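No experiment lies behind these values; they were computed from the predicted model shown. Heads up: numbering here begins at 1 and tracks the sequence.
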Amino acid sequence: METAFSNNGFEEHDATDNSSGWSQEEQVDNLASPITHVPISKCGDLDIVLNYKAASQKLTVTIVQAEDIPDKDRSGVNSWQVHVVLLPSKRQRGKTAIQKGSQPVFNETFTFNKLEPDEIANNALRFRLYAVHNMIREKMMGEKLFSLKKIKPDEEIRKTLVLEPRSNLSSGDSQLSFSAISQSDSVSSTQSLSHGGVPELLVGLSYSATTGRLSVQMIKGSHFRNLAINRPPDTYGKLSLLNSIGHELSRCKTSIRRGQPNPVYKETFIFQVALFQLTDVTLMISIYNRRTMKRKEMIGWISLGQNSSGEEEQSHWLEMKDSKCQEVCRWHTLLEA
């Protein structure tokens, strides 16, 4: 294993390379240049129907059909499925049956419970269109977030959502507060949907099967808090690559971002991982608040790979494996220490 470090930080310039390796191979000197592509304007339309019953605190969502979706030459498949999840909790979700054709008709209804009238505006629905390969593999083609701020009780709403293509989402590097998302019906989920100041981290992943390079970009954080005192924290990220039995193979960390609740790191780390090892490794990412020279506290963590910490992390890892060297960027909610 070899680990190379590239620091493109904005505030700190004193970062050191704390990497370790599996072998004595030379460290990577130059990162592969990013692949450029022309963004596709959209990935199709999704027709939905919503109806909120305040008395029962239930929201019904009917996914009607998809139109103008990628043809078989672009997607490689002719089978489609839609996933929907309620944000920010992600505890209520559903997915349609697989349908075939260039304009798949789903006509499936999902019910989301325990949505109080005075709280529903603090939620959003995320819709994702998946291309399904051989009934067991799926690839996310596009998505849209729909804010529930404008939902009115006992009023049926019919909407046509314009799906943002996956290629555009992969380059996301912006942050959006909930006050901003509430002003529009929908936005891309590469933008942070932070309800109540939940700590989140924007991470970019790419992998080259040819060179065996696993590239991890620590992009930015959102709503990092200092639990001990009332001032913004001094934070840094620690990355550890573990094998299938949990032994640490390599580690590295970002430089410190001082006094920033929404720090920008923009630091990239390269791990050398053979293709046959990719399914057996776990990437642990932890964010720490450095209180003193000798004291630190963990703000939160995530893991991706063999032992992913959640469905979103597992999905991000699988998308990276299918992306053919293109960077895939996603926001992740940090788990408490």
Please set out all donor-acceptor pairs under 3.5 angstrom arising from side-chain atoms of residues 101-115, sequence neighbours excluded.
from, atom 1, to, atom 2, distance (Å)
Glu108, OE2, Ala97, N, 2.6
Thr109, OG1, Thr62, OG1, 2.7

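In this structure, Leu125 and Val85 have side chains that are not in contact, with every pair of non-hydrogen atoms separated by 4.5 Å or more. Contact check for Arg257 versus Tyr236: no side-chain heavy atoms found under the 4.5 Å cut-off. Contact annotation: the side chain of Asn51 never approaches that of Ile157 to less than 4.5 Å [non-hydrogen atoms, C-beta and beyond]. Proximity of Ile270 to Leu214: side-chain heavy atoms (C-beta onward) are nowhere separated by under 4.5 Å. Under the 4.5 Å side-chain criterion, counting only non-hydrogen atoms from C-beta, Leu304 is in contact with His316. Between Phe271 and Leu283 there is a side-chain heavy-atom pair separated by less than 4.5 Å. Contact of the Tyr288 side chain with the Lys253 side chain is not registered, since no non-hydrogen atoms from C-beta on lie closer than 4.5 Å. Looking at Thr254 and Phe269, their side chains come closer than 4.5 Å, going by heavy atoms from C-beta outward.
One side chain, Glu313 or His332, offers a donor N or O that lies under 3.5 Å from an acceptor on the other. At a cut-off of 3.5 Å, with distance as the only test, no side-chain donor of Glu267 or Gln217 sits close to an acceptor on the other residue. There is no side-chain donor-acceptor pair under 3.5 Å between Lys238 and Ser286.
Considering CD1 of Ile98 and CG of Asn78, their distance stands at 12.0 Å, rounded to 0.5 Å. Atom NZ of residue Lys324 and atom CD of residue Gln326 lie 9.5 Å apart, to the nearest 0.5 angstrom. Between the CG atom in Asp280 and the CD1 atom in Ile245 there is a gap of 11.0 Å [rounded to 0.5 Å]. Interatomic distance, Leu59 CG to Gln92 CD, rounded to the nearest 0.5 Å: 9.0 Å. Annotation: the span from Asp45 atom CG to Leu161 atom CG amounts to 8.5 Å, rounded to 0.5 Å. Annotation: the span from Leu249 atom CG to Gln277 atom CD amounts to 8.0 Å, rounded to 0.5 Å.
Counting only distance, with no hydrogens or angles, the side chain of Thr282 and the backbone of Asn307 share a donor-acceptor pair below 3.5 Å. At distances below 3.5 Å, at least one donor-acceptor pair connects side-chain atoms of Gln81 with backbone N or O atoms of Thr96. With Ser303 contributing its side chain and Met284 its backbone, the two residues share no donor-acceptor pair below 3.5 Å. At least one donor-acceptor pair closer than 3.5 Å links the side chain of Asn289 to the backbone N or O of Asp234. Using modelled atom types, one side-chain atom of Tyr207 and one backbone atom of Val273 make a donor-acceptor pair closer than 3.5 Å.
Look at Glu319 and Arg330 and you find a salt bridge, because one of the NZ, NE, NH1 or NH2 atoms lies within 4.0 Å of a carboxylate O, short of that distance. The pair Glu312-Arg126 meets the salt-bridge criterion, with a side-chain N (NZ, NE, NH1 or NH2) lying under 4.0 Å from an Asp/Glu carboxylate O.
Taking all atoms of both residues into account, the shortest heavy-atom contact from Val281 to Leu278 is CG2-O, 3.6 Å. The shortest non-hydrogen separation linking Arg213 to Gln272 is CG-OE1, 3.8 Å. The two atoms that bring Ser309 and Trp301 nearest to each other are CB-CZ3, 3.8 Å, heavy atoms only. What you find for Asn122 and Pro88 is that their closest heavy atoms are O-CD, 3.9 Å. Contact record, Leu148 with Ile120: CB-O, 3.4 Å, taken as the closest heavy-atom pair. Here the closest non-hydrogen pair linking Ser147 and Ala124 is CA-CB, 4.0 Å.
The side chain to side chain donor-acceptor pair (under 3.5 Å) test applied to Ser308 returns Gln314, not counting sequence neighbours. Not a single side chain to side chain donor-acceptor pair (under 3.5 Å) links Ser206 to another residue, sequence neighbours left out. Residues forming a salt bridge (charged side-chain N to carboxylate O under 4.0 Å, His left out) with Glu119 (at least two apart in sequence, or on another chain): none. Applying the side chain to side chain donor-acceptor pair (under 3.5 Å) criterion to Glu156, with sequence neighbours excluded, gives Arg158.
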Applying side chain to side chain contact (heavy atoms under 4.5 Å, CB included) to Val203 and Ile219, what does each step give before you reach the verdict? CA-CA 6 Å; Val203 178; Ile219 302 175; over 6 Å; no
What verdict does the side chain to side chain contact (heavy atoms under 4.5 Å, CB included) test give for Lys159 and Asp47, after you've listed the backbone C-alpha separation in whole Å, the side-chain angles of each residue and the deciding distance to 0.1 Å? CA-CA 6 Å; Lys159 294 289 293 186; Asp47 294 333; over 6 Å; no
Go through the steps for Arg290 and Ile256 under the test side chain to side chain contact (heavy atoms under 4.5 Å, CB included), then give the verdict. CA-CA 8 Å; Arg290 185 175 180 179; Ile256 298 174; 2.9 Å; yes
In sequence, state the C-alpha distance, the side-chain angles, and the governing distance for Ser215 and Thr268, and then conclude on side chain to side chain contact (heavy atoms under 4.5 Å, CB included). CA-CA 7 Å; Ser215 175; Thr268 299; 3.4 Å; yes
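The hydrophobic cluster containing Val49 also includes Val64, under a criterion of side-chain heavy atoms closer than 4.5 Å among ILVMFWY residues, counted directly or through chains of members.
Ring planes of Tyr265 and Phe224: tilted class, angle from 30 to 60°.
If you look at Phe127 and His83, their ring centroids are not closer than 6.0 Å.
For the side chain to side chain contact (heavy atoms under 4.5 Å, CB included) criterion with Leu163, the lone passing option out of Asp68, Val82, Leu46 is Leu46.
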